[in-house]
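Got a structure here, written out as structure tokens. Questions coming.
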Amino acid sequence: MGAECKCNCDQEKKLDALFAQYKGNSNGLIVVMAAIQEVHGYLPKDFLVKTAEELGVPLSDVYGVATFYAAFSLRPRGRHCVNLCLGTACYVKGAPDVQTILEQEMGIKAGNTTEDRRFSLDLVRCLGACGIAPVLTVNGEVYPRMTAEKVNEILAKYE
Amino acid sequence: MNFAELELLRATAKESIKLRLGEEPSDNFKYHVLVCGGTGCLSIGCQNTLDAFQKAVDSHGLQDSVKVVVTGCMGTCEMGPVITVFPEGYYYCRVQPEDAEEIVSSHLKNGKFVERLCYHAADGSVQARKSDMTFFKKQKRNALRNCGLISQTSLEEYIAMDGYKALAKVLQGMSPQQVVDEVKKSGLRGRGGAGFPTGVKWQFVLDQQADQKYIVCNGDEGDPGAFMDRSVLEDDPYSVIEAMTIGGYAVGASKGFAYIRLEYPRAIDHYNKALCRAREVGLLGNNILGTDFSFDIEIRVGAGAFVCGEETALLASIEGRRGEPRPRPPFPAVSGLFAKPTVINNVESWANICPIIINGGDWYASMGTEKSKGTKVFTLAGKITNTGLVEIPLGLTLREMVEDIGGGVPDGKAFKAAQTGGPSGGCIPAAYLDTPIDYENLAALGSIVGSGGMIIVDEGTCMVDLAKFYLGFTQDESCGKCTPCRIGTKRMLEILERITKGLGKEGDLELLVELANSIKASALCGLGQTAPNPILSTLRYFKDEFEAHIKDKNCPAGVCKMPRKGLKS
Ligand SMILES: Cc1cc2nc3c(=O)[nH]c(=O)nc-3n(C[C@H](O)[C@H](O)[C@H](O)COP(=O)(O)O)c2cc1C
Ligand code: SF4
Ligand code: FES
């Protein structure tokens, strides 16, 4: 009996529609930038300039917002986004050990992307799944009760 | 939809869920099998269990007498995937796909429940039905009343559970002032952390003269370790939508915003679906239920900044700016979103509104303690047997929470402390287990109720390391606008990092306390003002652990990596 949403979710079109909807309106800044991030996986420079022009916001403000929020990235991300939860529940149940292994396996520190752009590794603060801590997500898929031993098995699934 | 149509829909919808409420149904179903589809259970594989179940039901030809429903979180995340079988409410835990056949053939076909899959308490006793389980016995569910009982985005099932009864009551005969009075009478205090009386806040906004006012729902839920708002938004989105609509009527606002954090994609999805549906049937938008009251809601998705949970930062973020807090006054009630009077409440606060309107403020105020009325949701997590979502009348003791509901600390380890209130809160050691949980008592102990996160730690947790974790969190999330928070917390963190590496010095603790007090006194917003709390409270109860690190270069819990004794730094 779940209700079907009738909104148009086509991404590129959505972007254009958003530019039109918020033309000259700075209130739409985050909404527009979130859509760009979603479609392109990061905020390409051209789009930041376009956003500034369309919404009538100084480019410095666009940059200010881009660097304030963790969801925005100015550089391209990896093909697979690995998010390790370092919220309290995950922390006390051993997430730091998982972090060590992940960084070792990928050869990067958290917050970075591997050379071959296979993985981006980020630390997040609580995914709201504390009951099954420690938690890891890959491209949004949730992996519960992580241990250092399970890391390789999971990473191998993503090319 | 008008009032009569709503009641008609309620009457038919109610028939289809009667069996779950212990009433005699008029349809042919003998059993309702509820499969938990909450985030916890989903990730442990409840989809496979569900598929296997559906298949088993079909292969036994029971599809006409057994209804399989996917619901939201039932609260027992540790035991997932969870299945409840009504009418009796048998509660099956950790149900694997291969268990489905047995449940169907034994229970659904021959009426014999499967004891092996029921909840087994620590003493080995079997608690087969929900009503037998100590986890549920001491709970009282208001905000979570529908979670785990109805299909997540079904408007019909929501309406069957008295959904939109409160809005109908309000629109059919209550003045805005009467609505505000009822909320005041309930004694409901904001569940987002600060605990400010909700009715008083609504009165401020009602009293303002303005051409436009706004309603905002704070669904940023940043406290790491708290996930009640997620559950309400995912599993019972209409309860928040209906309540915000009532709020709009009460204070004279025609527009609302729900700010939901990016990390909760399913909450955004479900809430959005519910919005579309409510709009479609005339429960949102112009002329709600055929009256001349109009109200609509827009979703705004957070962009990953903890500080945006702070109300002024959240409003800045909705306006498309950096989420930096600003000094108050003016409070949002006077000058909020787009400089208009604004009611901003937390998701769980909203979820309490409809029952208060239906049953009256006095009813709500009859639960809880003298100054802390009603029920509060806590998230039990960390080193505890039954992790999950728990809603209790305020005033239950910490011991009842940890031992009866939580089932104690696992692996034979000893309880060390409960950390409440997240990065703004503090810890409560074993000596205070018999304290009744309410706003006043926790504050007196140097902690807070906060948003309701409760992390249990055992003897294997180093309290200094935990304090460092929280400070690392706030330091990371500090927006950088004011100096005490930006630089002060950094200096405190550096000291703690030294201490946990065995490089602590005489005088470090005094310096920590001095820094803590000046940050508390001078930071601009709640983030900075409360950031030192975890350190101060840990110092209050576990000073010996700090001293062991500094003087003996020893971490009693064995967590911090200390240099070998005798080495000079
Ligand atoms: C740093 C900081 C973070 C906060 N995070 C949240 C949050 O995630 N959710 C929330 O409802 N309130 C949060 N608050 C509290 C809000 O500022 C505000 O008090 C609350 O939304 C009011 O709603 P209530 O009265 O219903 O609790 C936070 C406050 C501070 C200082
Ligand atoms: S206290 Fe911290 S988070 Fe709050 S305004 Fe100041 S720097 Fe920003
Ligand atoms: S602390 Fe990791 S999911 Fe909540």
Side-chain angles (χ1 to χ4, degrees), chain A residues 1-7 9 22 25-35 37-38 55 57 61-62 64-73 83 85-96 122-133 135-137 140-145, chain B residues 39-40 42-44 76-78 80 151-157 221-227 230-231 262-265 272-274 276-277 280 300-306 317-324 338 379 381-383 387-389 419 422 453 455 457 461 466 469-470 473 477 479:
Chain A
M1 266 197 282
E4 266 317 299
C5 164
K6 294 205 174 74
C7 306
C9 299
Y22 288 107
N25 180 355
S26 64
N27 295 330
L29 190 51
I30 293 174
V31 178
V32 170
M33 286 169 68
Q37 173 81 37
E38 197 184 328
L55 274 62
V57 183
D61 282 9
V62 177
V65 166
T67 50
F68 184 84
Y69 293 99
F72 297 138
S73 161
N83 287 344
C85 180
L86 266 197
T88 324
C90 292
Y91 187 81
V92 304
K93 284 212 163 173
D122 281 296
L123 302 178
V124 295
R125 306 290 196 171
C126 194
L127 295 157
C130 323
I132 46 171
V135 182
L136 172 88
T137 67
E141 175 139 7
V142 182
Y143 291 94
R145 303 199 181 108
Chain B
T39 297
L42 260 183
S43 69
I44 323 182
T76 56
C77 308
E78 181 68 29
S151 166
Q152 290 163 317
T153 48
S154 162
L155 177 63
E156 287 74 10
E157 294 203 350
E221 190 153 67
D223 173 3
F227 51 101
R230 165 178 201 151
S231 189
L262 180 74
E263 290 84 345
Y264 288 177
N272 190 35
K273 280 183 176 143
C276 292
R277 187 75 208 283
E280 222 171 81
R300 283 303 161 91
V301 177
F306 170 70
S317 185
I318 293 182
E319 292 171 7
R321 296 184 283 121
R322 286 164 66 100
E324 286 175 0
F338 305 119
T379 49
K383 308 285 184 64
T387 57
L389 272 181
Q419 211 289 342
I455 308 282
V457 296
T461 304
L466 188 63
F469 164 81
Y470 278 117
F473 177 88
E477 297 292 347
C479 82

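Throughout, protein chains are lettered first and strands after them, A, B, ... in sequence-line order, and every chain is numbered starting at 1.
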B/Cys479 versus A/Phe68, closest heavy-atom pair with distance: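 Closest approach of B/Cys479 to A/Phe68: CB-CE1, 4.0 Å.
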Select, from A/Cys90, A/Ala34, A/Gly64, the one with the greatest count of heavy-atom pairs under 4.5 Å involving chain B.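 Looking at each of A/Cys90, A/Ala34, A/Gly64 in turn, A/Gly64 comes out on top.
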Heavy-atom distances under 4.5 Å only: say whether B/Leu42 touches chain A with side chain, backbone, both or neither.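 Interface part for B/Leu42: neither.
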For chain A, which of B/Gly388, B/Ser317, B/Ser231, B/Gly422 has the most heavy-atom pairs under 4.5 Å?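 The answer is B/Ser317.
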Determine whether B/Phe306 and A/Arg125 make a side-chain contact, defined as any pair of heavy atoms from C-beta on separated by less than 4.5 Å.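 Counting from C-beta outward, B/Phe306 and A/Arg125 never come under 4.5 Å.
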Going from CD1 on A/Ile30 to CZ on B/Arg321, what distance comes out if it is rounded to the nearest 0.5 angstrom?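 Nearest 0.5 Å value for the CD1-CZ distance: 9.5 Å.
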Tell me which of these, B/Glu319, B/Lys383, B/Glu263, B/Gln152, has more heavy-atom pairs under 4.5 Å with chain A than the rest.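 Max contact count across the listed options: B/Glu319.
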Run the side-chain hydrogen bond (donor to acceptor under 3.5 Å, both in side chains) test against A/Lys93 and tell me which residues pass, sequence neighbours left out.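 side-chain hydrogen bond (donor to acceptor under 3.5 Å, both in side chains) check on A/Lys93 returns nothing, list empty.
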Return the option, out of B/Val301, B/Ile44, B/Thr461, B/Leu262, with the maximum number of heavy-atom pairs under 4.5 Å with chain A.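 Answer, by heavy-atom pair count under 4.5 Å with chain A: B/Ile44.
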Sort B/Arg230 into side chain, backbone, both or neither according to what part of it lies under 4.5 angstrom from a heavy atom of chain A.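 Answer is side chain: those atoms of B/Arg230 sit under 4.5 Å from chain A.
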Name the option with the most non-hydrogen atom pairs under 4.5 Å to chain A; the candidates are B/Thr379, B/Thr387, B/Asp223.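 Top option by heavy-atom pairs under 4.5 Å: B/Thr387.
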Can you tell me how far CG of A/Asn27 sits from CZ of B/Arg300, rounded to the nearest 0.5 angstrom?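 Between B/Arg300 CZ and A/Asn27 CG, I get 7.5 Å after rounding to 0.5 Å.
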Name all residues meeting the side-chain hydrogen bond (donor to acceptor under 3.5 Å, both in side chains) criterion together with B/Tyr470; count only those two or more places apart in sequence or in a different chain, and write none if there are none.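 Per chain and number, B/Tyr470 pairs via side-chain hydrogen bond (donor to acceptor under 3.5 Å, both in side chains) with A/Thr88, B/Gln419.
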Find the one option among A/Ala71, A/Cys85, A/Gly140 whose heavy-atom pairs under 4.5 Å with chain B are most numerous.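 It is A/Ala71.
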Segment of A/Val92 engaging chain B (4.5 angstrom heavy-atom cut-off):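 Both backbone and side chain of A/Val92 come within 4.5 Å of chain B.
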B/Glu324 versus chain A, the contacting section by heavy-atom distance below 4.5 Å: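 Both parts, backbone and side chain.
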